[in-house]
Amino acid sequence: QVHLVESGGGSVQAGGSLSVSCVASGWTTRGGAMGWFRQGPGKEREFVAAINWAGTTYYRDSVEGRFAISRDNAKNIVDLQMNNLQPEDAAVYYCTAHYFGSQRARPSRSPEAWRYWGQGTQVTVSS
């Protein structure tokens, strides 16, 4: 059984930095992608960033240049470094993992396409 467990997050003032990390235990599929989505109060879950097995990264436009996703394939860990955080970045951040058919496949930006999810970790940004 696959379990994704997030850590990190917390509270920060606008302009500050936070990082979140996720480990996927029990996930033996090689070649899968890992990523992060977020969901603010009253909002739909939205794509933040993803990284495929080959290391290609993908970001939503609003976080490009501020957030950085990385992974350790051997340990099934994915990290998200978030810099220059803004109040609109505040949300629960969810780690996710899925195999999209190949190591170099482009991960989907739709949450429905991902199979495995963590419980989420809160990121709060005060103005």
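The structure displayed is predicted, hence computed values, not measured ones.
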Could you tell me the separation between the [atom1] atom of [X] and the [atom2] atom of [Y], rounded to the nearest 0.5 Å?
X     : Y     : atom1 : atom2 : answer
Tyr94 : Glu6  : OH    : CD    : 8.5 Å
Leu4  : Ile77 : CG    : CD1   : 11.5 Å
Leu18 : Ser11 : CG    : OG    : 8.0 Å

* Check the pair Ser17, Asn84 against side chain to side chain contact (heavy atoms under 4.5 Å, CB included), reporting the backbone distance first and the verdict last. => CA-CA 6 Å; Ser17 298; Asn84 191 21; over 6 Å; no
Does [X] use its side chain to pair, donor to acceptor, with the backbone of [Y] at less than 3.5 Å?
X     : Y      : result
Arg60 : Phe47  : yes
Asp79 : Ser19  : no
His98 : Arg115 : yes
Glu46 : Glu44  : no

* To do: Check whether Tyr93 and Val78 end up in the same hydrophobic cluster, where Ile, Leu, Val, Met, Phe, Trp and Tyr are linked by side-chain heavy atoms less than 4.5 Å apart.
  =>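 Same cluster.
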My understanding is that only residues two or more places apart in sequence, or in another chain, count here; which of them pass salt bridge (charged side-chain N to carboxylate O under 4.0 Å, His left out) with [X]?
X     : value
Glu88 : none
Asp89 : Arg38, Arg66
Arg71 : none

Got [X] and [Y] here, is their nearest side-chain heavy-atom distance under 4.5 Å?
X     : Y     : answer
Ser25 : Val2  : no
Trp53 : Met34 : no
Leu85 : Phe67 : yes
Met82 : Leu80 : yes

Enumerate, atom names and distances included, each donor-acceptor pair closer than 3.5 Å involving a side-chain atom of residues 116-127, sequence neighbours excluded.
unit_1: Trp117; atom_1: NE1; unit_2: Trp114; atom_2: O; d: 3.3
unit_1: Thr121; atom_1: OG1; unit_2: Gly8; atom_2: O; d: 3.0
unit_1: Gln122; atom_1: NE2; unit_2: Ala91; atom_2: O; d: 3.4

* Please walk me through it: do Trp36 and Thr96 pass side chain to side chain contact (heavy atoms under 4.5 Å, CB included)? -> CA-CA 6 Å; Trp36 292 91; Thr96 186; over 6 Å; no
Do any side-chain atoms of residues 100-112 form donor-acceptor pairs under 3.5 angstrom with protein atoms, and if so which ones, sequence neighbours left out?
unit_1: Ser102; atom_1: OG; unit_2: Arg104; atom_2: N; d: 3.4
unit_1: Ser102; atom_1: OG; unit_2: Ala105; atom_2: N; d: 3.1
unit_1: Ser108; atom_1: OG; unit_2: Ser110; atom_2: N; d: 3.0
unit_1: Arg109; atom_1: NH1; unit_2: Tyr59; atom_2: O; d: 3.1
unit_1: Arg109; atom_1: NH2; unit_2: Tyr59; atom_2: O; d: 3.3
unit_1: Ser110; atom_1: OG; unit_2: Glu112; atom_2: N; d: 3.4
unit_1: Ser110; atom_1: OG; unit_2: Glu112; atom_2: OE1; d: 2.6

* Do any pairs count as a disulfide (SG to SG under 2.5 Å) and have a residue in residues 20-99, sequence neighbours left out, and if so which ones? ->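 Qualifying pairs, neighbours excluded: Cys22-Cys95.
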